[in-house]
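On a predicted model such as this, the values are computed, not experimentally measured, just so you know. All heavy atoms count here, side chains included; hydrogens, waters and symmetry mates do not. Naming convention: chains lettered A, B, ... in sequence-line order (proteins, then strands); numbering from 1 in each chain.
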Amino acid sequence: MALKIYNTLTRRKEEFIPLHQGEVRMYVCGPTVYSDAHLGHAKSYISFDIIVRYLIYLGYRVKYVQNLTDVGHLLDTGEDRILMGAKREKLDPMELVENYIRRYFEDMDALNVLAPNISPRATAHILEQIELIELLLQKGYAYKINGSVYFDITKFPSYGKLSGRKIEDQVAGARVEIRDEKQHPADFVLWVKATPEHIMQWNSPWGKGYPGWHIECSAMAMKYLGETLDIHGGGMENMFPHHECEIAQSEAATGKQFVRYWVHNNMILVNGVKMSKSLGNFTIIRDALNKYSPEQIRFFILTTHYRSPVDFSDAAIQGAGEGMRKLQTTFERLSEILRYAQNDNKETGTLKINKLLDEYKQKFMEAMDDDFNTPLAIGVLFDLSRELNAYLDKETQVSKQTITAAYQLYDKLGSEILGLTLYSKHTLMEADKYIELLIEIRNDLRSIKQWELADKIPNFLPSSPSLL
RNA sequence: GGCGGCGUCGCCAAGUGGUAAGGCAGUGGUCUGCAAAAUCACUAUACAGCGGUUCGAUUCCGCUCGCCGCCUCCA
């Protein structure tokens, strides 16, 4: 079996072969840090986290870059998001950005999303962006006018290859207010001349200004990952124009293919409508965490394939939580039995169970190999869980080897690859001795039928009632 | 208007050219001091509709209906 990834560029699943053997270079569009991340961000970054985790599991050295957009980009109203946020919170733009970056990282940590290797900020790479724009001017792919610089779309005939659009089709229906100074309505801005009152602006060969939206990703991706990336990820809504423009400017500059595999994840919906900051129908991760556990949110998101939309509802996420608890219970049961399991092995079923574990592992891998099919993989976990429970119910003598193997497989698939917290390890380890003592006392009380006293004990235990 | 996607049991959600995983909810057993957990069994006329291709389609093609995304900042 080989890993297959759905490539937006070719509209089909392709076997994944990285450019450099044993190494994957991956870039994902990060958030604009002017307010708190919402569940849409959670879905996106959890999806890519799965990709990263699985690639690591497969043995690749993964170099994962995710940008932080801290240059504001203009709204319809002509306002800049960062500046708007700064005004709202009465902070300097960079204070605002600093604050939300920290909060974003906290949210991702809570959801058990592995941190990218590099989180470059757009404002820290103005020079690289200017250099890239200069190169495009030099090569004749861009033109400057009135202190701004535009990419000349007519010089790049394959513009539209990612999203399947033709420039001509777009022009007719274009509702965008066309800037008069553009030579072609589809030209996009690389550098914007700043008005004097614009707070965030930098010197450039073309006067004071700030970078256009698309150029930061090209500049930073290529700086850290080279001219050709293996994987570029992002939300579907960024396919056009953002990713299309990234391709144009990058490939125009280098003459090389920019990205080998384009990966786009689908949206979170609320009552069938996209959750987004602009629509205002979003739930920020922090609020969701007050209501649901982080692993529940993560699990809920993973029960749908990353290329499908997820309709967010209380009923759905609660059902997911119940299901996950079942997996956790099995895991806790395994770890509990593991403690007391004997080394000497009188049990007969070892061979059989080992074969069984192999089969489940195989099925799990097949699911993940097929474009990271986490819902199917989770289904395998449920099957495994049922099988193990049935086995533990039946066998009276279970060897340490068997339990260890089951435990490790469960841990590998659930915790390591899917990133699900299957039980709280630290709580158990620190309080271990005391909990054991309490359990012992409780059992003694039960044996002398002191029910009332015995029932007091579970109330003091922090978690894992199933230990009893 | 252009481009793309979706419509599977009450809910969530995989999947396949030969009538369909799993989870939640529900019902009934086992276990238990009660409960929880676990487990077993059960349950349902579930593949939007209409045509076409085919020996055979939920799976391929066409049309219709419904929903969604992008074309403008957006994960």
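A donor-acceptor contact shorter than 3.5 Å links the side chain of A:Ser335 to the backbone of A:Glu332.
In a base pair of the Watson-Crick type (N1 to N3 plus N6-O4 or O6-N4) or a G-U wobble (N1-O2 and O6-N3), with each distance short of 3.5 Å, B:rU45 is matched with no nucleotide. With a 3.5 Å ceiling on both atom-pair distances, the Watson-Crick or G-U wobble partner of B:rG4 is B:rC68. Pair check for B:rG22 finds B:rC12; Watson-Crick or G-U wobble, both atom distances under 3.5 Å. Here B:rU53 sits opposite no nucleotide as a Watson-Crick or G-U wobble pair (both hydrogen-bonding atom distances under 3.5 Å). Remark: B:rU59 base-pairs with no nucleotide; criterion is Watson-Crick or G-U wobble with both hydrogen-bond distances under 3.5 Å. Summarising the base pairing, B:rA38 is matched to B:rU30 through a Watson-Crick or G-U wobble pair whose two defining distances lie under 3.5 Å.
Projected onto RNA chain B by closest heavy-atom contact, A:Ala320 and A:Gly40 fall at different nucleotides, the more 5' of which corresponds to A:Ala320. Along RNA chain B, the nucleotide closest to A:Ala390 and the one closest to A:Val310 are compared, and the more 5′ of them pairs with A:Val310.
Among the nucleotides B:rC68, B:rA14, B:rU39, the one closest to the side chain of A:Thr304 is B:rA14. You'll find that the side chain of A:Val273 is closest to B:rG69, out of B:rG33, B:rG69, B:rG22. Side chain of A:Lys274, nearest nucleotide from B:rC70, B:rA38, B:rA21: B:rC70. Side-chain atoms of A:Ser308 lie closest to B:rA14 of the nucleotides B:rA75, B:rU39, B:rA14. In the set B:rA38, B:rG2, B:rA75, B:rG2 carries the atom at the smallest distance from any side-chain atom of A:Arg165. Considering only the side chain of A:Thr329, B:rA37 comes nearest among B:rA75, B:rC70, B:rA37. Comparing B:rG22, B:rA75, B:rA13 by their closest approach to the side chain of A:Ser44 singles out B:rA75. The side chain of A:Met267 sits closest to B:rA75 out of B:rA75, B:rG23, B:rG33.
No contact: A:His242 has no heavy atom under 4.0 Å from any strand. A:Gly233 comes within 4.0 angstrom of nothing in the nucleic acid, heavy atoms only. Note on A:Tyr45: only backbone sugar-phosphate atoms sit closer than 4.0 angstrom, heavy atoms only; bases stay farther off. Within the nucleic acid shown, A:Ile268 comes within 4.0 Å of at least one base atom, counting heavy atoms only.
Taking atom CG of A:Leu302 as the reference point, atom P of B:rA14 lies 12 Å away to the nearest angstrom. Rounded to whole angstrom, the span from the NE2 atom of A:His305 across to the P atom of B:rA21 amounts to 21 Å. When the C1' atom of B:rC24 is taken as reference, atom CG of A:Asp314 falls 14 Å away, rounded to whole Å. As rounded to whole Å, 17 Å separates atom P of B:rA13 from atom CD of A:Glu322. Straight-line distance from the CD atom of A:Glu246 to the C1' atom of B:rA75: 14 Å, rounded to whole Å. In this structure, the CG atom of A:Asn238 is 22 Å from the P atom of B:rC3, given to the nearest Å. Between the P atom of B:rA21 and the CD atom of A:Glu359 lies a distance of 18 Å, rounded to the nearest Å. Whole-Å rounding puts the A:Asn389 CG to B:rC31 C1' distance at 14 Å.
B:rU59 and B:rA48 are spaced 15 Å apart, taking the C1' atom of each and rounding to whole Å. When the P atom is compared between B:rA21 and B:rU45, the two are found 16 Å apart, to the nearest whole Å. Taking atom C1' in both B:rC11 and B:rU16, the straight-line distance is 24 Å, to the nearest Å. B:rG18 and B:rG7 have their C1' atoms separated by 24 Å, given to the nearest Å. B:rG51 and B:rA44: their C1' atoms are spaced 30 Å apart (whole Å). For the P atoms, the distance from B:rG15 to B:rG5 is 16 Å, rounded to whole Å. Comparing the same atom, P, in B:rA75 and in B:rC70 gives a spacing of 12 Å after rounding to whole Å. Distance noted for atom P between B:rA46 and B:rU39: 26 Å (whole Å).
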Atom pairs, protein N/O to nucleotides 4-8 of chain B N/O, distance under 3.5 Å:
none

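Relative to the ring axis of A:Tyr34, A:Lys277 places its NZ or CZ within 45° and under 6.0 Å from the centre. For the pair A:Arg12 and A:Tyr6, the cation-pi criterion (under 6.0 Å, within 45° of the ring axis) is not fulfilled. A cation-pi geometry, defined here as NZ or CZ lying under 6.0 Å from the six-membered ring centre and within 45° of its normal, holds between A:Lys363 and A:Tyr360.
Between A:Asn373 and B:rA14 there is no side-chain polar atom (N or O) within less than 4.0 angstrom of OP1 or OP2. Taking side-chain N and O atoms only, A:Lys326 has a distance below 4.0 Å to OP1 or OP2 of B:rC24. Taking 4.0 angstrom as the limit, A:Thr32 places a side-chain polar atom (N or O) nearer than this to OP1 or OP2 of B:rA75.
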Using side chain to side chain donor-acceptor pair (under 3.5 Å), reason through A:Thr330 and A:Asn389 one step at a time and then give a plain yes or no.
CA-CA 7 Å; A:Thr330 307; A:Asn389 278 317; 3.1 Å; yes
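Annotation: side-chain hydrogen bond (donor to acceptor under 3.5 Å, both in side chains) contacts of A:Glu322 (sequence neighbours excluded): A:Arg325.
Of all heavy-atom pairs spanning A:Val263 and A:Ile231, the tightest one is CG2-CG2, 3.9 Å.
Ring geometry for A:His198 against A:Tyr210 counts as parallel: the plane angle stays under 30°, on a 0 to 90° scale with 60° as the upper cut. Between A:Tyr159 and A:Phe188, the ring planes are parallel. Angles under 30° get that label, and only those over 60° would be called perpendicular.
The only option from A:Leu289, A:Asn290, A:Ile285 that meets the side chain to side chain contact (heavy atoms under 4.5 Å, CB included) definition with A:Asp287 turns out to be A:Asn290.
Classification of A:Lys13 and A:Asp371 as a salt-bridged pair fails, no side-chain N sitting under 4.0 Å from a carboxylate O.
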